[in-house]
Every structure is written in C-alpha cells, then in structure tokens.
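Have a look at the structure below before the remarks.
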Amino acid sequence: MGPGHPARGARRHPHRADRGPGRSPAQLSLLIVSAYTAAIFGRLRSLPLTFLGAIVVGCLESYLTGYLPQNQYLPGLRLAAPALLLFLALLLFPHGRLRGRDRKLRPVPAPTMRGTFVFAGAIVFFAVVLATVLDEVDVISYGPMFALGMVALSFVPLSGFAGQISLCQLSMAGIGAVVWGQLAPDGQPWALVAAFAVSALAGALIAVPALRLSGVYLALATAAFAVVLDRWIFTLPSFEVFGVDVSVFNQGSVEMAGPDFFGFRLDEPAELMVFAAVCLALGSLGVAALRLSRFGRRLIALRDSEAAYATLGGSLLVARALVFALSAGIAGLGGVLYGMQLQSVTAEQFTFVAGLPVFLIAVIGGLGAVGNGLFTGTAYLGPVHLLNAVAPWSHNIVQLLPALAGLGFARHPEGIVPGMRHGWEPLARDRAALSALLGGFAVLWSLRIGDVVGNAVLLLGTVVLALALRAWARSREAADVGSGIPVEWWGVRRPWRAEDEEVLARGITRG
C-alpha cells in the first residue's frame with residue numbers, strides 16, 4: 001500500500017486522525033467554550049434551549065469542517081467558530097444581570113506615594129540582585145517574572161479598581177509583542193508607544209460591545225475573544241489592508257529585539273531583566289497614582305454600583321472603554337517585555353489557556369493591591385524553577401501549585417499581598433531591625449558575589465534573617481504598647497499602627 005493511500009482504519013473512521021495526535025489537554029479544556037455556548041442559548045436556565053444550542057454548535061462545526069472553502073485564511077475560523085458564536089450569543093440574546101452577586105465589597109487599599117516609591121526601588125533592587133547572582137541560563141528562566149508581573153499589573157485597575165473581569169489579558173500581551181516585533185526590528189523605542197496604543201485600542205474594542213455584560217457573562221465574552229484570537233487571528237498568514245502589509249505571527253515565530261536607547265542596545269538577558277523590572281516599577285507607580293487620582297475614585301465608584309455611577313452623571317461607556325484600554329495597554333507592554341526576554345515568541349505562548357494561571361495567581365495575590373504585579377510574576381515562575389531544580393521529579397506536581405493555591409483563597413479573600421504587607425509592617429517601621437536586615441543582606445550578597453557561598457545560602461540566610469528580625473520588631477512594638485505612652489501621643493512619640501484603631505474603638509465602646 002503506497003503512502004498516498006489511506007489505511008483501512010482511516011477509511012472507516014475518517015475523523016480519527018483529528019481525535020488522535022491533534023488533541024491535547026489544552027485543546028480538550030477548550031471544550032468548555034462549546035459547552036458554554038450551548039448553555040447561553042438556554043440563558044443558563046432552560047435545558048431544552050441548551051440542548052438546541054448544542055445541536056446548533058455541533059452542526060456549525062460539522063458544516064465548517066465539510067464545506068469551508070479551501071483558503072489559507074479560513075482554517076482557523078473552524079476552530080474559533082464556537083468561541084465566535086459564544087461571543088455573538090452573549091451580545092444578541094437578552095439576559096439580566098446575575099443575581100446573588102456578593103455585595104460585601106471590600107475597600108480598595110490606598111497606597112501612599114512614598115511607600116510606592118520605596119516599593120518601586122525594591123523591585124529594581126531585586127532585579128539587580130538576581131542579575132548579579134544568577135548565571136545566564138537562570139536569568140533566562142527567572143527573567144520573565146517581571147514581564148509577566150506587568151501583565152498581572154494590568155488586572156489591578158481593571159478588576160481591582162473598576163470591578164471588571166477580563167480573561168484575555170495575555171492575548172493583549174500577544175498583540176503588544178506582535179506590534180513590537182513587526183515595528184521595531186532594530187529596537188526602536190517609539191515602538192513601545194505603538195505597542196501600548198494598539199493594545200489599548202484592542203482593549204477598548206472589547207469594552208464597547210461588552211457594555212451590557214457583567215459578572216460571568218463578561219468573563220465568558222472576554223474568554224471567547226481570547227480563543228478567537230489565539231485559534232484564528234494569531235494563526236493567520238500575512239495579508240494586506242489598504243496596501244499595508246499586516247503580519248501577525250505569520251504561522252511561525254516573531255523575532256524580538258531589545259530596545260536601543262540612543263545607541264545603547266540592551267540585548268543581554270540580565271540587561272533585559274533589569275529593564276523589565278524598571279518598567280514594572282514605573283507601572284506600579286503609575287497604578288498607585290491612578291488609585292489616588294479622581295479617575296481612580298470614579299472607577300471604584302463604578303465597581304460599587306454601576307447604576308449609582310450612571311445616576312450621578314458618569315458615562316459607563318467612557319469609563320469602561322478607558323479602563324479596558326488602559327489595562328490592555330499595560331498588558332501589551334508586558335508582552336513586549338516578555339518577548340524581549342525570550343528573543344522569539346510564538347502564538348502558543350499567548351493562548352487563553354496559558355493566561356488562566358496568571359489570572360488565578362493575580363486573584364490570589366489581591367486584585368486591588370499595587371504590589372500584585374511583582375507577587376504574581378514571582379509566584380508564577382519562582383516556585384516552579386526552584387522545585388524543579390531541587391527535585392526534578394516534581395515537574396508534574398509543580399503544575400498543580402496555582403490550583404492548590406486557588407483552593408486556599410477562601411482563607412484570604414482580600415488577597416495575600418495585603419496580608420503580607422500587614423505582617424511585615426513592624427519590620428519596616430523599626431529602623432534598627434530594618435538596618436540590621438539590610439546590613440546582613442549586604443554581607444551575604446558580597447559573599448555570594450565573591451563566590452564564597454552559593455545561591456542557596458544567600459536565599460536561606462536572607463529568609464532566616466528576615467523572619468528573625470520581624471519577630472524581634474514585633475516584640476519591640478508589643479513592649480512599646482505597654483510602655484505607658486498616652487493614647488493622644490500614639491502616632492507622635494511612636495509610629496501609628498493599624499491595630500491602634502481597633503484598640504481605640506474598643507476603648508470608646510467600653511466608655
């Protein structure tokens with residue numbers, strides 16, 4: 001039997017080849033898109049209409065498989081058809097707002113600009129330390145944490161401030177990466193602005209048709225948009241629009257160059273990692289300034305009550321379009337930094353499935369916290385590479401870490417980052433303990449640079465020293481509480497603490 005003749009089993013089951021090597025766990029997980037498409041036909045209430053929707057989805061896929069014209073631009077349409085149908089169904093079918101939504105909204109923490117400047121400096125310092133103690137291979141492995149942190153930071157104004165949900169932020173990062181790869185082959189810095197602008201425009205385009213959606217409906221709409229991008233748009237070959245050649249990933253990879261600032265080219269992995277950390281630090285400062293601005297307060301009002309926001313004269317369309325655009329622009333810059341670090345990216349790195357763990361860890365960290373960007377990037381890559389280095393056999397177990405962390409989210413519904421900030425505040429307020437920590441770390445860092453100790457000693461020594469000094473700072477604060485300082489001098493003769501408010505409230509209640 002020649003190579004051009006199909007096997008006998010293939011003639012009996014012509015679709016078996018599609019079910020075999022063409023299926024992967026990631027592809028099977030996308031079956032939920034088809035299932036939700038059918039459920040939306042029934043408005044999540046009617047079983048007969050849901051069954052009708054399943055028939056429509058199945059017939060559509062079969063029709064496109066058998067009768068879709070042979071065209072290099074259309075094969076991805078068949079794969080993205082259920083997601084596209086889901087997006088259209090969400091927009092066209094009437095449905096009310098979800099009932100029973102949690103109305104116990106927690107206040108969004110308001111950072112101080114002084115504290116945010118210190119945090120931004122800590123981000124850059126962290127990157128410099130990593131650049132000096134890691135070899136090139138480890139820098140390539142750990143470097144993307146700051147770029148992914150920028151993608152995670154995009155959730156803070158969108159979900160943390162405005163209360164909107166988007167599951168396509170990594171897709172926006174892919175758009176930013178494509179723009180940089182196509183417009184900046186030699187690292188032209190102005191392409192950073194172009195990547196932000198194009199990603200922001202894509203985010204605004206999502207917000208306008210999804211204006212009437214909220215809750216799980218908005219999450220499904222953005223998920224469908226992400227699937228359409230990674231299964232169709234990102235797979236398109238190059239094409240022309242009004243005489244302009246447009247190339248996405250061009251069914252391959254996109255080469256990413258480092259930025260060139262006035263002849264100074266950043267192309268080493270360590271340099272790119274520090275540059276990404278600087279961008280994340282600036283982005284954190286910008287998000288903190290947004291939280292303290294008038295527009296930031298309007299976004300929080302939008303989160304609290306869209307009806308009240310509109311009643312007071314606010315424009316829902318403008319507010320949602322602006323926050324979606326801003327969030328997508330930040331994610332686009334994160335995609336640019338991610339591509340610079342890897343030097344070459346493909347469409348598979350910006351899929352809907354790949355973005356879910358980033359969103360999950362961002363939720364666990366706390367969507368309203370400015371420090372969530374650094375936390376998400378570090379938590380997403382740090383434990384994975386550390387455990388793989390210590391125990392290579394734990395590779396499959398490591399993949400479960402985001403899901404296991406998500407199961408414990410109920411214990412800290414406000415997020416881990418605010419809790420970490422509260423837990424480490426005594427050390428930050430105690431000058432003696434903080435000076436001892438910085439001095440001890442400087443000694444360990446110097447020993448590591450001199451190859452006297454290894455990275456494991458540096459990491460463990462820093463952790464043990466920080467925990468010991470935090471305990472010492474807490475004991476010193478506890479002693480200050482019982483030192484007899486009058487209440488009226490709290491915050492003057494000693495720093496004001498968060499627990500002082502509770503002490504005063506209890507005293508007033510007893511009085």
Side-chain angles (χ1 to χ4, degrees), residues 109 111-134 142 145-146 149 277 280-281 284 364-366 369-379 382-383 386 390 411-412 414-485 489-503:
T112 63
M113 291 308 300
R114 178 182 178 182
T116 307
F117 272 105
V118 174
F119 175 71
I123 295 176
V124 179
F125 179 71
F126 180 41
V128 172
V129 171
L130 292 180
T132 56
V133 302
L134 298 178
Y142 290 94
M145 68 172 60
F146 299 101
L280 178 59
S284 299
I364 295 170
V370 175
N372 196 18
L374 179 63
F375 170 83
T376 302
T378 305
L386 284 175
V390 175
R411 297 186 58 185
H412 301 281
E414 73 283 356
I416 294 178
V417 174
M420 292 177 60
R421 177 184 176 184
H422 177 71
W424 289 93
E425 277 180 347
L427 177 58
R429 289 192 294 259
D430 194 313
R431 293 184 179 180
L434 185 60
S435 299
L437 175 61
L438 295 177
F441 178 77
V443 172
L444 290 173
W445 187 19
S446 300
L447 294 175
R448 173 62 188 91
I449 294 177
D451 288 330
V452 178
V453 299
N455 289 334
V457 175
L458 174 63
L459 176 61
L460 293 177
T462 302
V463 172
V464 171
L465 181 63
L467 292 176
L469 290 175
R470 185 181 69 165
W472 182 51
R474 284 181 172 179
S475 64
R476 284 163 55 90
E477 280 199 353
D480 289 342
V481 171
S483 61
I485 298 177
W489 289 102
W490 290 3
V492 179
R493 293 185 177 177
R494 68 164 179 79
W496 176 264
R497 297 189 292 268
E499 56 268 23
D500 291 345
E501 184 176 355
E502 181 180 356
V503 174

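Each residue takes its place number in the sequence, starting with 1.
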Within 6.0 angstrom of R470 CZ, more than 12 heavy atoms from elsewhere
yes
Between atom [atom1] of [X] and atom [atom2] of [Y], what is the distance when rounded to the nearest 0.5 Å?
X	Y	atom1	atom2	result
F441	L458	CZ	CG	5.5 Å
F126	L374	CZ	CG	6.5 Å
F125	L130	CZ	CG	10.0 Å
L469	L438	CG	CG	10.0 Å
F119	L280	CZ	CG	7.0 Å

For [X] against [Y], the heavy-atom pair lying closest together:
X	Y	result
S284	V370	O-CG1, 3.4 Å
A433	L427	CB-CD1, 3.5 Å
T116	P111	OG1-CB, 3.7 Å
P418	G365	CD-O, 3.6 Å
I123	A281	CD1-CA, 4.1 Å

For residues 442-458, the salt bridge (Lys or Arg N to Asp or Glu O under 4.0 Å) pairs (sequence neighbours left out) are R448-D451
Evaluate the side-chain proximity of L444 to T462: yes if any heavy-atom separation is below 4.5 Å, no if none is. yes
- Task: Go through N372 and F375 one step at a time and tell me if the side-chain contact (heavy atoms from CB on, under 4.5 Å) criterion holds.
- Result: CA-CA 5 Å; N372 196 18; F375 170 83; 3.7 Å; yes
